There are 2 protein chains.
Amino acid sequence: MAKIKESSTQQSNKRQATLECPVSYVINKIGGRWKPLIIYHLLAGPRRYNELKKAIPPITEKMLIQHLKELETDKLITREAKQVVPPVVVYSLTVSGKALMPVIQAMGKWAALESNATPVDTYGLFS
Amino acid sequence: MAKIKESSTQQSNKRQATLECPVSYVINKIGGRWKPLIIYHLLAGPRRYNELKKAIPPITEKMLIQHLKELETDKLITREAKQVVPPVVVYSLTVSGKALMPVIQAMGKWAALESNATPVDTYGLFS
DNA sequence: CCATATACATACTTTTTGGTAAGTACTTGT
DNA sequence: ACAAGTACTTACCAAAAAGTATGTATATGG
């Protein structure tokens with residue numbers, strides 16, 4: 001999927017960082033371009049693949065499943081496929097995923113002070 | 001320094017993300033490979049260029065100043081150069097930089113639950 | 001007058017991440 | 001027979017981030 005060179009300096013530095021530094025650890029899990037948005041939508045409840053796709057228009061299908069898969073292997077979300085045609089696949093946050101809430105809120109507070117932009121909060125999760 | 005193509009899809013996606021999503025906003029500021037570590041050391045007090053370099057052995061000088069400059073333009077740290085030879089340059093966190101503390105602590109708590117690794121806390125800032 | 005110390009700068013390459021475009025399987029509706 | 005809907009997959013290419021290696025200025029100590 002994404003060919004990584006385990007032996008590279010970059011990989012070993014990254015590994016060290018995520019082992020020693022909690023911040024790097026977290027960023028490593030939620031740091032993909034679209035991951036925060038995916039998590040945001042799932043915080044509002046389980047979502048089908050297509051619902052996520054429509055909720056995040058600029059994302060490509062490749063990036064969407066790629067991130068979904070990574071989030072799944074990191075155990076932040078679960079994938080549930082119903083054996084029907086056309087397929088129905090529902091993604092939900094795990095307990096770990098939901099536990100990110102305080103982190104996200106702390107970030108939200110800081111960003112509110114520092115940034116002059118008004119973030120989008122479709123579901124009113126932060127109001 | 002790092003040639004960016006303002007017109008690229010990646011850049012416009014990134015811009016949108018940092019405008020609309022507080023999490024992306026924060027990650028954009030502290031998401032460099034070594035930035036969390038640099039911030040960690042500066043949380044313990046102002047540090048000279050060389051002190052940071054020694055405190056973070058695997059970092060290269062290129063990455064160190066690159067990140068320091070980015071953190072400076074993002075107003076998370078300040079640079080103070082004394083006009084002497086050999087040069088003395090001291091970096092310190094700004095008020096914004098120090099205000100990251102709650103974010104870092106929230107991340108620390110989450111990582112403590114999720115990760116089985118024991119993070120390094122040289123200065124005991126989290127104990 | 002040569003090495004040392006400090007705080008960088010610069011050219012280049014590798015590695016990783018993100019984006020584009022096109023295709024697949026399977027079934028229901030027309 | 002064929003288009004449409006769903007949830008993907010794959011090959012390829014562009015862009016960004018990180019790393020390697022080397023060079024710079026200035027003054028002081030030996």
Side-chain angles (χ1 to χ4, degrees), chain A residues 1-18 24 27-38 47-70 72 77 79-91, chain B residues 1-18 24 27-38 47-70 72 77 79-91:
Chain A
M1 197 131 294
K3 39 186 171 180
I4 42 159
K5 206 173 182 181
E6 292 298 341
S7 63
S8 71
T9 306
Q10 292 201 41
Q11 279 306 311
S12 72
N13 280 344
K14 193 172 174 180
R15 270 192 297 270
Q16 269 303 104
T18 56
S24 299
I27 290 179
N28 197 36
K29 306 249 171 220
I30 66 171
R33 171 76 24 99
W34 306 100
K35 282 184 189 174
L37 256 176
I38 293 172
R47 291 285 185 274
R48 292 183 61 180
Y49 175 86
N50 238 0
E51 292 178 313
L52 288 171
K53 192 178 131 191
K54 282 171 193 157
I56 313 173
I59 201 174
T60 63
E61 303 202 59
K62 185 213 169 200
M63 289 314 292
L64 181 54
I65 21 139
Q66 187 175 307
H67 280 164
L68 286 171
K69 283 190 172 180
E70 288 170 7
E72 198 194 349
I77 66 173
R79 194 191 98 113
E80 190 192 350
K82 287 164 190 158
Q83 287 306 39
V84 295
V85 171
V88 172
V89 179
V90 177
Y91 293 92
Chain B
M1 199 130 291
K3 38 185 173 180
I4 41 158
K5 206 173 180 182
E6 292 298 340
S7 62
S8 72
T9 306
Q10 292 201 41
Q11 281 306 310
S12 71
N13 280 344
K14 193 172 176 182
R15 269 192 297 269
Q16 268 305 104
T18 55
S24 299
I27 290 178
N28 197 36
K29 306 249 171 220
I30 67 172
R33 171 77 23 101
W34 307 100
K35 281 184 188 173
L37 255 177
I38 293 172
R47 290 286 185 274
R48 291 183 61 180
Y49 175 86
N50 237 2
E51 291 178 314
L52 288 171
K53 191 178 132 192
K54 281 171 194 157
I56 312 173
I59 202 175
T60 64
E61 302 202 59
K62 186 214 169 200
M63 290 313 293
L64 181 53
I65 21 138
Q66 186 175 309
H67 280 166
L68 286 172
K69 282 191 173 181
E70 289 170 6
E72 199 195 349
I77 66 173
R79 193 190 98 113
E80 191 193 349
K82 286 163 191 158
Q83 287 306 40
V84 294
V85 172
V88 173
V89 179
V90 177
Y91 293 92

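The chains referred to below are lettered A, B, ... by the order of the sequence lines, with proteins before strands, and numbering in each begins at 1. These numbers were taken from a predicted model, which means no experiment stands behind them.
- Among the heavy atoms of the strands, none lies under 4.0 Å from A:K82.
- Between C:dG18 and A:H67, a contact under 4.0 Å exists linking OP1 or OP2 to a side-chain N or O.
- For the pair B:I4 CD1 and D:dA15 P, the interatomic distance rounds to 13 Å; values are reported in whole Å.
- Electrostatic pairing of A:E70 and A:K35 counts as a salt bridge here, judged by a charged N lying under 4.0 Å from a carboxylate O.
- Within 4.0 Å (heavy atoms only), A:T60 reaches at least one base atom of the nucleic acid.
- Remark on DNA chain C: of its neighbouring residues B:K54 and A:S8, the 5'-side contact belongs to B:K54, judged by nearest-heavy-atom nucleotide.
- Atoms CE (A:M63) and C1' (D:dA14) sit 13 Å apart, rounded to a whole Å.
- Atom CG in A:L52 sits roughly 14 Å away from atom C1' in D:dT6 (whole-Å rounding).
- Out of D:dT6, C:dC8, D:dA18, the shortest distance to the side chain of B:Y49 is found at C:dC8.
- When heavy atoms are screened at a 4.0 angstrom cut-off, A:Q11 is found touching the sugar-phosphate backbone but no base atom.
- A pairwise comparison of heavy atoms in B:L68 and B:I77 identifies O-CD1, 3.4 Å as the closest pair.
- If you check D:dA27, C:dT6, C:dC26 against the side chain of B:R48, the one that comes closest is C:dT6.
- Contact annotation for A:T9: backbone-only contact, meaning every heavy-atom pair under 4.0 Å involves sugar-phosphate atoms and none involves a base.
- Atom CD of A:Q66 is separated from atom P of C:dT16 by 14 Å (rounded to the nearest Å).
- For B:Y49 and B:E61, the side-chain atoms include at least one donor-acceptor pair closer than 3.5 Å.
- Here the side chain of A:R33 pairs a donor or acceptor atom with the backbone of B:Q10 at under 3.5 angstrom.
- Mapped onto DNA chain D by nearest heavy atom, A:P87 and A:N13 fall at different nucleotides, with A:P87 at the one closer to the 5' end.
- Residue A:K62 places its side chain closer to C:dT20 than to any other of D:dA15, C:dT20, C:dA5.
- Within the 4.0 angstrom heavy-atom criterion, only backbone atoms of the sugar-phosphate kind lie near A:V88; the bases stay farther away.
- Across B:T18 and B:S24, no two heavy atoms sit closer than the pair CG2-O, 3.8 Å.
- The B:V89 side chain lies nearest to C:dA7 when the options are C:dG18, C:dA7, D:dG19.
- Put simply, the side chain of A:R15 gets close to the backbone of A:E6: a donor and an acceptor are under 3.5 Å apart.
- In this entry the distance linking CD1 of B:I65 with C1' of D:dA17 reads 15 Å, nearest Å.
- We find that NZ of B:K53 is positioned 10 Å from P of C:dA5, with the value rounded to whole Å.
- Within the 4.0 Å cut-off from OP1 or OP2 of D:dG19, at least one side-chain nitrogen or oxygen of B:W34 is found.
- Residue B:K69 places its side chain closer to C:dA9 than to any other of C:dA9, C:dT27, D:dG19.
- In this structure, CZ of A:R33 is placed 9 Å from P of D:dA16, rounded to the nearest angstrom.
- The side chain of A:K14 contributes an N or O atom lying less than 4.0 Å from OP1 or OP2 of C:dT17.
- Comparing B:Y91 and B:Q10 along DNA chain C, the residue whose closest nucleotide (by nearest heavy atom) sits nearer the 5' end is B:Y91.
- Between B:E61 atom CD and C:dA9 atom P the separation is 11 Å, expressed in whole Å.
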